[in-house]
Amino acid sequence: MTPDPDHARTMLVESRNHLETARLLVSTKDVAATFVTAYDAARKALAAMLAVQGLRARGGDGGHRVLSELMQAQFPAHRPTLREFDWMRLKRNDTEYHDPGRPTATRADVSAGIPAAEQIVDLGERFVEFVATKH
């Protein structure tokens, strides 16, 4: 794949929009949609960080997990921020693919997830602009 800063920036705009939507949804009863929307903001930010480098995580089992692993490997100094995506991914899976033995997203997860997603989006925006200005 060819590095695509424009596509990366578009994904980051979508990430910001998702964060805004998640904040609006907080006041509703739809905890699942709120959490999944915040999760999608983080996921798209990580995908943007790959796109600006000409990379893409493949779909299928583990595709979202790979996003986090790739970025943590590239940015060890930012691992605490990037690791937030890991618990969010697991909670998103529990919410989307319900298993009676695993709890779905709660209001507490939303309260932690939105700021975690925002940190990942912030990191994505800084990284994409840094890489885009180098090329």
Side-chain angles (χ1 to χ4, degrees):
M1 227 172 102
T2 303
D4 194 343
D6 291 333
H7 180 60
R9 288 182 182 115
T10 297
M11 285 193 288
L12 288 168
V13 168
E14 291 173 0
S15 292
R16 281 282 165 209
N17 290 341
H18 287 341
L19 283 172
E20 183 179 333
T21 300
R23 286 188 191 97
L24 291 171
L25 289 171
V26 164
S27 64
T28 72
K29 294 179 183 179
D30 199 344
V31 174
T34 307
F35 186 81
V36 170
T37 302
Y39 168 83
D40 280 342
R43 178 184 55 80
K44 287 184 180 183
L46 292 174
M49 293 170 77
L50 292 178
V52 77
Q53 299 176 75
L55 302 171
R56 180 177 159 217
R58 303 298 275 168
D61 287 345
H64 292 190
R65 180 180 43 80
V66 170
L67 288 170
S68 176
E69 290 174 355
L70 288 171
M71 298 321 299
Q72 286 182 48
Q74 287 188 41
F75 301 106
H78 294 284
R79 276 192 184 131
T81 297
L82 295 165
R83 280 188 184 133
E84 292 293 310
F85 185 75
D86 295 335
W87 76 263
M88 291 180 74
R89 180 181 57 78
L90 294 173
K91 184 56 67 179
R92 179 261 186 190
N93 289 348
D94 292 343
T95 301
E96 291 288 292
Y97 312 109
H98 184 67
D99 175 342
R102 302 184 63 95
T104 60
T106 64
R107 292 226 176 260
D109 294 320
V110 168
S111 293
I114 290 174
E118 181 149 28
Q119 289 181 332
I120 293 168
V121 173
D122 289 345
L123 180 62
E125 288 171 339
R126 290 192 313 269
F127 178 73
V128 166
E129 286 315 307
F130 175 79
V131 173
T133 58
K134 292 247 179 215
H135 294 280

Kindly work out whether a path of hydrophobic side-chain contacts (I/L/V/M/F/W/Y, heavy atoms less than 4.5 Å apart) joins [X] to [Y].
{"X": "V66", "Y": "W87", "value": "yes"}
{"X": "V31", "Y": "Y97", "value": "no"}
{"X": "L46", "Y": "L90", "value": "no"}
{"X": "V13", "Y": "F130", "value": "no"}
{"X": "M1", "Y": "L55", "value": "no"}

Heavy-atom side-chain contact between [X] and [Y] under 4.5 Å:
{"X": "E125", "Y": "R16", "result": "yes"}
{"X": "L25", "Y": "V110", "result": "no"}
{"X": "L12", "Y": "V128", "result": "yes"}
{"X": "F127", "Y": "Q74", "result": "yes"}
{"X": "M11", "Y": "H7", "result": "yes"}
{"X": "T2", "Y": "D4", "result": "no"}
{"X": "M88", "Y": "F35", "result": "yes"}
{"X": "V36", "Y": "R92", "result": "yes"}

- Intermediate values then yes/no, salt bridge (Lys or Arg N to Asp or Glu O under 4.0 Å), R89 and E84: CA-CA 9 Å; R89 180 181 57 78; E84 292 293 310; over 6 Å; no

Residue pair [X] / [Y]: nearest heavy atoms and the distance that separates them:
{"X": "L67", "Y": "L50", "value": "CD2-CD1, 3.5 Å"}
{"X": "A73", "Y": "R79", "value": "CA-NH2, 4.2 Å"}
{"X": "A105", "Y": "D109", "value": "CA-OD2, 3.4 Å"}
{"X": "V52", "Y": "A132", "value": "CG2-N, 4.2 Å"}

Check whether [X] reaches the backbone of [Y] with its side chain - one donor and one acceptor, N or O, closer than 3.5 Å.
{"X": "T81", "Y": "Q119", "value": "no"}
{"X": "Q53", "Y": "M49", "value": "yes"}
{"X": "S15", "Y": "A45", "value": "yes"}
{"X": "R107", "Y": "V26", "value": "yes"}

- Query: Of T95, D94, N93, which meets side chain to side chain contact (heavy atoms under 4.5 Å, CB included) against R102?
  - Reply: D94

- Message: For the OG1 atom of T34 and the CZ atom of R23, what is their distance to the nearest 0.5 Å?
- Response: 12.0 Å

- Message: So if I apply the side-chain hydrogen bond (donor to acceptor under 3.5 Å, both in side chains) rule between D86 and each of Q72, R65, H64, which one comes out positive?
- Response: Q72

- Query: Looking just at side-chain N and O atoms, do D40 and T37 make a donor-acceptor pair shorter than 3.5 Å?
  - Reply: no

